Amino acid sequence: MSVPREIRNVALAGFMGVGKSSVGRLVATELQFEFVDTDEVIESRTGVKIAEIFTRFGEEAFRKFEAELVAEMSGWSGRVISTGGGLVVNPENLANLKSHALVACLWASPETIYQRTKHQSHRPLLQAADPLENIRVLLAAREAAYKQCDVLVNTEQRSVREIALHVLHNYRAAVQQPPRM
Ligand code: S3P
């Protein structure tokens, strides 16, 4: 069954390290929307860092927090929502997002993602003996889900600004706003 869509927000999906937050902040500035990062909301509501949620309560509990937050978003408007890398893997989350947001998925190769994330330690799923292999396996497992988003944006060799403009263009087309420079 197809659900009617009323696009009032922009959602950014995609793997860890593809630049959702940087792009999202720029898109939000351009549209004069509020920027929201799902991980930040979960951390501020629970008072617990994402990595600690994983170790103390497990990934399943984290996915539940994500789904609860997504369910709340249906009344939102004028927001750019940067989603955690695994959020749209749950088809129900993606369907909910699509009901009110244009969902753009940012894409990068495993090697690029590895280069961008290798010095960071806040992502539990990348704290592995061989993070690059982990990225390859997880990205391959998620590829089909990411491809269900409205727009797939290759971030390789493109600046944050170029990617943001591409997302903006797609958002304006979706809500039929005239494009602006
Ligand atoms: C995750 C991505 C992270 C965070 C959590 C799980 C994932 O968000 O939600 O560590 O499953 O890919 P970012 O994509 O913002 O790093």
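Note that ligands are numbered from 1 as they come in the structure, with each ligand's atoms numbered from 1 the same way. Predicted model only: the values in this text are computed from it and were never measured.
With sequence neighbours excluded, the residues satisfying salt bridge (Lys or Arg N to Asp or Glu O under 4.0 Å) with Asp150 are Arg5. Residues passing the side chain to side chain donor-acceptor pair (under 3.5 Å) test with Glu52 are Arg56, sequence neighbours excluded. Glu92 is linked by a salt bridge (Lys or Arg N to Asp or Glu O under 4.0 Å) to nothing, counting only residues two or more places apart in sequence or in another chain.
Only one option out of Thr112, Leu106, Val23, Ile113 pairs with Thr155 in a side chain to side chain contact (heavy atoms under 4.5 Å, CB included); it is Leu106.
Between Glu40 and Arg25 a salt bridge is recorded (basic side-chain N to carboxylate O distance below 4.0 Å).
For ligand 1, the 4.0 Å heavy-atom shell takes in Met16, Lys20, Asp39, Ile50, Phe54, Phe62, Arg63, Gly84, Gly85, Gly86, Arg123, Pro124, Leu125, Arg142, ordered by chain and residue number.
Taking the six-membered ring where the residue is Trp, the centroids of Phe54 and Phe62 are separated by under 6.0 Å.
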